[in-house]
S.K.: 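Can you keep this structure in mind? I'll have questions shortly.
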There are 2 protein chains.
Amino acid sequence: MDWITQVAERLRATGGRMTTQRRLILETLAQCTDHPTAEEIYQRARQRAPDLNLSTVYRTLRWLEDLGVVGTQRFEGERPQERFDPAVSAQPEHHHFRCRLCNTIIEFPAPLLEVLKQDFITHYGGTIESASLIFYGLCESCLQKVETYGPLSFNPNAITGPHERPSHSTGRAS
Amino acid sequence: MDWITQVAERLRATGGRMTTQRRLILETLAQCTDHPTAEEIYQRARQRAPDLNLSTVYRTLRWLEDLGVVGTQRFEGERPQERFDPAVSAQPEHHHFRCRLCNTIIEFPAPLLEVLKQDFITHYGGTIESASLIFYGLCESCLQKVETYGPLSFNPNAITGPHERPSHSTGRAS
DNA sequence: CCCATTATTGCAAATTATTTGCAATTAGTG
DNA sequence: CACTAATTGCAAATAATTTGCAATAATGGG
Ligand SMILES: [Mn+2]
Ligand SMILES: [Mn+2]
Ligand SMILES: [Zn+2]
Ligand SMILES: [Zn+2]
């Protein structure tokens with residue numbers, strides 16, 4: 001039984017219905033190797049069903065989030081938008097490195113984190129149910145480029161557009 | 001020389017001006033022991049200067065962010081709003097635990113994280129410039145309560161209001 | 001296979017967080 | 001004290017996400 005059928009069954013079990021849209025979104029997610037935004041998932045899915053609606057994408061994603069089928073991530077320095085992580089079912093506890101220049105994301109396991117969790121609990125008590133660890137820096141390839149060509153002051157892959165926060169302005173004229 | 005004067009000097013050094021509003025916001029931040037949102041900082045500061053404007057708060061916070069005087073944090077399960085961290089200058093590398101029930105945040109140092117960073121770099125190369133680690137779970141006191149009274153299905157301290165995401169709804173009637 | 005029930009969709013409008021343009025104000029400088 | 005550029009307040013723009021509702025479609029039973 002494949003992933004989609006599995007999810008579908010969990011859905012049915014709670015009185016939910018498997019619809020064309022949901023199947024499409026699941027198929028789209030299954031093909032992701034990245035951490036797309038709702039909008040990106042919407043655009044990818046829409047290529048096969050142009051009348052799919054963004055609300056449906058959001059609703060489906062929230063539902064999958066509740067089911068633990070997708071995770072959500074927010075990365076610093078980005079527009080305040082949520083990114084979805086279809087990989088959580090495959091690798092339940094993985095963490096993220098994000099390159100400040102090319103925005104590449106590397107997923108990695110961190111078994112050592114358990115020690116940190118234990119450490120915390122010994123000091124402060126309580127329980128830890130989940131953890132989010134994000135490293136920010138330069139990926140190997142960007143590091144090479146910087147070493148070769150000197151520091152880049154700009155982000156070559158930066159998403160541009162209004163409502164960005166490129167380098168701070170208090171309003172003074174340039 | 002106190003913290004505010006220090007920040008003020010850094011500001012001057014780049015052609016900035018120290019204004020009443022900025023001083024007020026800095027004083028407000030200096031008194032924070034938590035991780036307030038822009039709105040919260042605005043409300044606290046406004047008690048002393050009712051005509052302070054929220055835009056000014058945002059602009060000042062972004063400026064402080066660039067200076068590395070405040071940090072920003074986003075916690076899972078919250079409204080998608082940014083929280084500001086006035087403690088970064090005092091404790092440059094500290095991390096966060098957030099209680100799922102009472103929303104308490106505990107700050108803690110994690111020197112062991114260096115090992116994890118090294119581990120990562122040995123595997124994938126590149127460099128790590130910063131790291132964000134957040135633990136989610138139950139704080140000691142909530143854990144006690146749960147053990148005594150049984151699991152609470154609701155969050156006693158939850159921020160409520162529209163645009164929340166309380167427990168997922170696909171739109172079906174209840 | 002068709003019907004009834006009700007979950008789900010598409011659409012448009014609402015919400016909320018954050019940013020921005022601009023004219024009026026003000027800090028810093030001499 | 002006057003000048004100039006930085007900053008503010010205000011209102012409006014932007015953008016991500018959610019929601020109400022009528023129309024549509026999935027499921028289960030007859
Ligand atoms: Mn991932
Ligand atoms: Mn903190
Ligand atoms: Zn890179
Ligand atoms: Zn607690």
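Values below: every heavy atom of this structure, side chains too, minus hydrogens, waters and symmetry copies. In what follows, chains carry the letters A, B, and so on, assigned in the order in which the sequence lines appear, proteins first and then strands, with residues in each chain numbered from 1.
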S.K.: Does N53(A) place a side-chain N or O at less than 4.0 Å from the phosphate oxygens OP1/OP2 of dT9(C)?
M.R.: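 For N53(A), the contact criterion (side-chain N or O under 4.0 Å from OP1 or OP2 of dT9(C)) is not met.
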S.K.: Transitively linked via ILVMFWY side-chain contacts under 4.5 Å: F84(B) with I106(B)?
M.R.: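 No.
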S.K.: Can you check whether Q43(A) reaches R46(A) side chain to side chain, under 4.5 Å on heavy atoms?
M.R.: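 Q43(A) vs R46(A): side chains touch.
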S.K.: Identify each donor-acceptor pair in which a side-chain atom of residues 126-136 of chain A lies under 3.5 Å from a protein atom, sequence neighbours left out, and give them as a table.
M.R.:
unit_1  : atom_1 : unit_2  : atom_2 : d
E129(A) : OE1    : R100(B) : NE     : 2.6
E129(A) : OE2    : R100(B) : NE     : 3.3
E129(A) : OE2    : R100(B) : NH2    : 2.7
Y136(A) : OH     : E76(A)  : N      : 3.0

S.K.: Specify the residue among L11(A) and L54(B) whose closest nucleotide of DNA chain C lies further upstream toward the 5′ end.
M.R.: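 The 5'-side residue here is L11(A).
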S.K.: In terms of hydrophobic clusters joined by side-chain contacts under 4.5 Å, are L138(B) and L116(A) together?
M.R.: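 No, no single cluster joins them.
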S.K.: Whole Å only: how far is the CZ atom of R59(B) from the C1' atom of dA11(D)?
M.R.: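 In whole Å, dA11(D) C1' and R59(B) CZ are 12 Å from each other.
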S.K.: Let's go through F108(A) and F120(B) carefully: what are the C-alpha distance in whole Å and the side-chain angles of both, what is the deciding distance for ring-ring contact (aromatic ring centres under 6.0 Å, His included) to 0.1 Å, and is it a yes or a no?
M.R.: CA-CA 8 Å; F108(A) 63 95; F120(B) 177 87; 4.9 Å; yes
S.K.: Given atom OH of Y42(A) and atom C1' of dT17(D), what is their separation to the nearest angstrom?
M.R.: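 Taking OH of Y42(A) and C1' of dT17(D), I get 14 Å after rounding.
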S.K.: So, OP1 or OP2 of dA17(C): does either fall under 4.0 Å of a side-chain N or O from R79(B)?
M.R.: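 Answer yes for this pair, as a side-chain N or O of R79(B) is under 4.0 Å from OP1 or OP2.
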S.K.: Nearest whole angstrom, please: distance from the P of dT18(C) to the CZ of R74(A).
M.R.: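 Value for this atom pair: 10 Å.
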S.K.: So does S55(A) reach the base of dT19(D) with its side chain, donor to acceptor, closer than 3.5 Å?
M.R.: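 Side chain to base: pair present.
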S.K.: Of the options E78(B), Q73(B), H96(B), which is the one that meets R83(B) in a side-chain hydrogen bond (donor to acceptor under 3.5 Å, both in side chains)?
M.R.: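 Exactly one candidate clears the test, E78(B).
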S.K.: To the nearest Å, how far apart are R46(A) CZ and dT9(C) C1'?
M.R.: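 Distance, rounded to whole Å: 15 Å.
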S.K.: Could you check how far CD of E78(A) sits from P of dA15(D), rounded to whole Å?
M.R.: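 Result: 15 Å.
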S.K.: If I take atom OH in residue Y58(B) and atom P in nucleotide dT8(D), what distance separates them, rounded to the nearest angstrom?
M.R.: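 After rounding, the reported distance stands at 16 Å.
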S.K.: Tell me, for nucleotides 25-30 of chain D in 5' to 3' order, what letter each nucleotide earns: B for a base near a protein heavy atom under 4.0 Å, S for only sugar-phosphate near one, - for neither?
M.R.: BBS---
S.K.: Between L64(A) and L29(A), is there a side-chain heavy-atom distance shorter than 4.5 Å?
M.R.: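 A side-chain contact exists here, since the closest heavy-atom pair is under 4.5 Å.
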S.K.: Can you measure L52(A) atom CG to dT24(D) atom C1' for me and round it to whole angstrom units?
M.R.: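 To the nearest whole Å, that distance equals 15 Å.
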S.K.: Return the value, rounded to whole Å, for the distance between atom CD of E82(B) and atom P of dA16(D).
M.R.: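 About 15 Å, once rounded to whole Å.
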S.K.: Classify the side chain of T56(B) versus the base of dT7(D) as yes if they form a donor-acceptor pair under 3.5 Å and no if they do not.
M.R.: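 No.
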